[in-house]
Structure formats: structure tokens, C-alpha cells
Amino acid sequence: MDVERVVNEQMELISMGTVEIIPLDELREKIRRSVETSKPLTVKLGVDPTRPDLHLGHSVPLTKLRHFQQLGHQVVLIIGDFTALIGDPSEQDETRPVLTPEDVERNARTYVEQASKIIDTKTARIVRNSEWLAPLSFGDVIELASKFTVARIMERDDFSRRLKENKPLGLHEFLYPLMQAYDSVALDADVEIGGTDQKFNLLAGRNLQRSLGKSPQCIITLPLLVGTDGVQKMSKSLFNDIGLTDSPDEMFGKVMSIPDEVMWDYYALVSGLSPREIEDIKSGVEDGEINPRDAKERLAIEIVTRYHGEKEARAAASEFKRIFRERKIPSEVPVYYLDLGDRQGRRVWIVDLLVRVNFAATRSEARRLIAEGGISVDGELVEDVNMEIDPEELKGKIIQKGRRKFVKVEHK
RNA sequence: GGGGGAGUGCCCGAGUGGUUAAAGGGGGCGGACUGUAAAUCCGUUGGCGCAGCCUACGCAGGUUCGAAUCCUGCCUCCCCCA
């Protein structure tokens, strides 16, 4: 077997889509040794269960973990149940609210399930870092903390920025990189993966391992996926996320809503296509041979296929076309069951109806919607705020709000 | 422990006694346009069966014909010194 060739092949897949590999030649050396001795590398990815759902941004490092898995390495997914209690201060402008152990536990469970859509959870090691972090004594922590200097911790610009801007910075937050670093020590990690925002924490692991006389890990950073707004990084709290558990239609639509320019990031990071295929599509668009919309549609299909299967992806694509391109009513419209019991045959006031079907939170809002020309009944624009409809007449009618919200009224 | 500063609508933020339901921006919603749920432009954005009324500027009182704006107490947060 040609060792050099295998090493090259592994390195090619591993480096695909990465931002940095530190240090590159050291990783190469580790791979070579692994190939020669047939001993898999231990590759670590930590995720803090701070929120109940994973989104497409999380899938970027998970996909990289999958690559290592494909190459036969031992991947370890760390559920940061202990670290989540502190909250990673990386890129945060403020101290995170503290989660209760119950929150963490609930989130942790769904994380593993969602991660299984990307990595093979049967061969991966899935561990919780409370396993080794919780038993540490205060003395142990002080001992570990002595391996870091304040100046080094303050190198992090998110820390120094917060200090400069007179924003609070909790002492406990200083310990976060320390804990993550200790994960690497506890697992004897050879490689750790993370987003570019994790660079400091990843390097902390490398340094701590070295301080404790262990072989230091290599680190791989990956780009942060921008959210559907095309500007900020994907984050549930910014409402620009595409959740891994989003329905096919929702997922498809959200992908279609990203600005054209960022679709190439998505292609590279979460489409699952090879660099060559992506390049073909990209040059096709640049030459004007492929309509950008079709390229984006292809992307959306690829992504939905990954999480829901091809059949669902196709269905989502045609549904999208139906609603947005042809401006038709979706094939399935939610139904609102009008309760006639207490109405005694009285007519239904449109404003009241809009609130009942949840198109408006208040009657004032409903009035505004009508004034803005955003409401129609069976395709007919509602102009009169005082419109009243006979319940019998209303049966089976479709109320539309804006372009894409529909509800059908039926009798209970 | 001492001193200083701040709390305004979903968010940021202007406003220091009188058309102030409160400038401006962001976000949301609607409309136009579009290959698109993108970009851009326009409108709208406290509640109430609403040409009127009610509730609002941390909380509770007070001064005044009239307060987000002045006074008192309380709560919360931040900064500096120790």
C-alpha cells in the first residue's frame, strides 16, 4: 500500500472547506502515523446543549466530523452538559443567561438525535463532559488555572472588547476555555474541530495538553455559516437559522430566501456536493448558462434531501414553485374550525375572524391589515373593516393574509 | 464600605413641564416590483366594534391647570475607588 497516496487522499478530504489547520504538517504527520500503524486518530467536536435544536450552522463541523469517520478515525462528540452551565463567552457581547440542569438535559437528548442525521452515531463515541469536569475539586481547578495567564486569556478580543466597552465579564467566563481545554486532555484528543470563533478555545486545549506533558492536538477551524439574512452568523436567537428539524417545505423556503451571493457558502459547507460539482454550477451561473434561481433551487433540494430524503425534497420544490412562482394556493391549507355553538346564527365580523384564525394578535392589528389591503377572502380583497359574513356562506372559504398565509374556514 | 451614572414602545435610541401614542434607526407586518421568502421603493407598527375612548416612558406616591420630563421613597443595572 502506498502510504503517501493514502495520506494525500485523507488530507484532501480533511482540508476541504476548512479555514485553518494548525499546524498543517503536524496533522499530516499524525495521519501518516495513523495510516502506518492502522491506529485511528481521536477527533473531537464539542457542542454545548444551550438550545433545544441544532441548525444548519452546527452541521458544518459535524460534516467535517463525518469526513473523519469516513476515513476510519475515531470521532468523539462531546455533549457539553457541564460547560453549557457556564455558557461559551466566545463572540458573545454579554454574559449568557445560566441554564438549569434540566434545560441542559432536555437539549442534550435532542442533540444526539439530530446529530445522527449527519454522523454515524453508532461508531462515534458520544460523551458528556460532566463525566470528567464535575468531579474536579476546587484545588484541581486552581491547579489547571495556573497553566494559563490572565494576559493570555485577555488576548481574546471578545473578552478585551467587553472590558473596553465596560460590559460585564464574569470570572467564571474565564474558566470556559479552560474547561474545553480539559476535555481534550481527558480524551487525549489528536484533533479538535470547531468554527473560527472557537480558535482560541481550540488552541487552549492544545496548550493545556502540552503543559500537562501530553501530545498536543491539532486544530481545524471551519467557516461560520451565515444565516438566511446573509449577513450575521446563523443563530437561533437572531431568527436567521435553518433548523435541522424544520419541515421540508420550511427548510426549502428558507434556503430559497438566502441572498444569491451567499449561496456558494452554503454549497461549500452544507450541500454535501463535491468541490468539482460545485465549481461546475458556479461557473454555469457566472457564464449565464444557469439561472441563479435554478442554482439555488438545486441547493435547496440537496439540503432538504440530506435531512428529509429525496422524495420530500422534490415535493417541497414543487410546492414552493406552486406558491411563489405561480402564486397559487398551497396544496394543503390549514383549516380553522368555526364554532357555531355560541354564535346563534350571528354573522361573523371579519376583524374578529382574523384574530380567531391567528392572522392578527389584536383587533387593531386586524384592522390595519385590512386597511393595508393584505386580506382577501376567496381571492377577493377585503376593503371594509366592518364586513360581516354569514357563517353558512363562510364555509369552505379561504382567507388569505399577505402572499403566503392561508386558512380555510370549516364548521365545527 | 465610599462616590458617580442609568432605567423610554419588540430591540436600539432621541426627548428635561404643554398638539407626545412619544423623533430616528433596526426588526416585524402589508403593498409594489422580481426568477426568489433576495435587493429596492412605499405604507404600517399600544389597545378597544375605532370619526371616539382607554392605557403607556423601571415601581409606588407627590407637586402642577398640565409630567416621560420636577420632588420623595423603593427596585434593578452599570462604572470608579477600596
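Each chain gets a letter, A, B and so on, in the order its sequence line appears, and its residues count up from 1. Keep in mind that the numbers below use all heavy atoms, side chains included, and drop hydrogens, waters and symmetry copies.
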Are the side chains of A/E297 and A/K321 in touch, meaning some heavy atoms are under 4.5 Å apart?
yes
Here the distance between atom C1' of B/G49 and atom CD1 of A/I370, to the nearest Å, is 12 Å
Could you tell me how far apart A/M263 (CE) and B/U36 (C1') are, to the nearest whole angstrom?
10 Å
Over how many whole Å does the gap from A/M256 atom CE to B/A39 atom P extend?
14 Å
Sort me out a list of protein N/O and nucleotides 45-48 of chain B N/O pairs below 3.5 Å, or just none if empty.
residue : atom : partner : partner atom : Å
B/G47   : OP1  : A/T362  : OG1          : 2.8
B/G47   : OP2  : A/R368  : NH2          : 2.4
B/C48   : OP1  : A/R363  : N            : 3.0
B/C48   : OP2  : A/R363  : N            : 3.2
B/C48   : OP2  : A/S364  : N            : 2.6
B/C48   : OP2  : A/S364  : OG           : 2.5

Could you work out the separation of B/G5 and B/C57 based on their P atoms and round it to a whole Å?
24 Å
Report yes if the side chains of A/E410 and A/L338 come closer than 4.5 Å at any heavy-atom pair, otherwise no.
no
When the distance from OH of A/Y266 to P of B/A38 is rounded to whole Å, what number comes out?
14 Å
Nucleotide paired to B/U63 in any strand shown, Watson-Crick or G-U, under 3.5 Å:
none
Base, sugar-phosphate alone, or nothing: which one does A/E388 contact when heavy atoms must sit under 4.0 Å apart?
base
N or O in side chain of A/R403 less than 4.0 angstrom from B/A37 OP1/OP2
yes
Separation of atom CD1 in A/I242 from atom P in B/A38, rounded to whole Å:
13 Å
Looking at B/G1, which nucleotide sits across from it as a Watson-Crick or G-U wobble partner, both distances under 3.5 angstrom, or is there none?
B/C81
P atom, B/A23 versus B/U8: distance in rounded Å?
15 Å
In the structure I gave you, are the side-chain heavy atoms of A/Q180 and A/E192 within less than 4.5 Å of one another anywhere?
yes
Can any side-chain N or O of A/Y182 pair as donor or acceptor with the backbone N or O of A/G205 at less than 3.5 Å?
no
Indicate, yes or no, whether a donor-acceptor pair under 3.5 Å links the base of B/G35 to the side chain of A/D260.
yes
Within the modelled atom types, does a donor on one side and an acceptor on the other bring the side chain of A/E372 and the base of B/G43 under 3.5 Å apart?
yes
B/A39 C1' sits how many Å from A/E261 CD, rounded?
8 Å
What is the distance, to the nearest angstrom, from the CG atom on A/D229 to the C1' atom on B/U36?
16 Å
Counting C-beta onward and ignoring hydrogens, is there a side-chain heavy-atom pair between A/F68 and A/I220 closer than 4.5 Å?
yes
Is A/E310 paired with A/R314 through a side-chain N to carboxylate O contact shorter than 4.0 Å?
yes
Using the P atom in both, what is the distance from B/U69 to B/G7, to the nearest Å?
12 Å
Could you let me know what B/U69 is paired to, Watson-Crick or G-U wobble, both distances under 3.5 Å, or none if it's on its own?
none
Atom-to-atom span, CD1 of A/I258 to P of B/G35 - whole angstrom:
19 Å
A/G253 near the nucleic acid: base, sugar-phosphate alone, or nothing, with a heavy-atom cut-off under 4.0 Å?
base
For B/U40, the Watson-Crick or wobble partner whose two distances fall under 3.5 Å:
B/A32
Which part of the nucleic acid does A/K254 contact within heavy-atom distance under 4.0 Å: base, sugar-phosphate only, or nothing?
nothing
Has the side chain of A/N207 got a donor or acceptor atom that lies under 3.5 Å from a matching backbone atom of A/A204?
no
What distance, rounded to whole Å, do you find between the two C1' atoms, one in B/U63 and one in B/U55?
23 Å
Per atom distances to the A/K296 side chain, the nearest of B/U36, B/A37, B/G49 is B/U36
A/W349 side chain vs A/V385 backbone, donor-acceptor pair below 3.5 Å
yes
If I pick the P atom on B/C10 and the same atom on B/A82, what distance separates them, to the nearest angstrom?
42 Å
When rounded to the nearest Å, what value does the distance between C1' atoms of B/G4 and B/G13 take?
23 Å
Looking only at atom P, what distance separates B/G24 and B/G46, rounded to whole Å?
13 Å
Want to settle it: does A/L369 or A/S257 sit nearer the 5' end of RNA chain B, counting the closest nucleotide to each?
A/L369
Are the side chains of A/P330 and A/E319 in touch, meaning some heavy atoms are under 4.5 Å apart?
yes
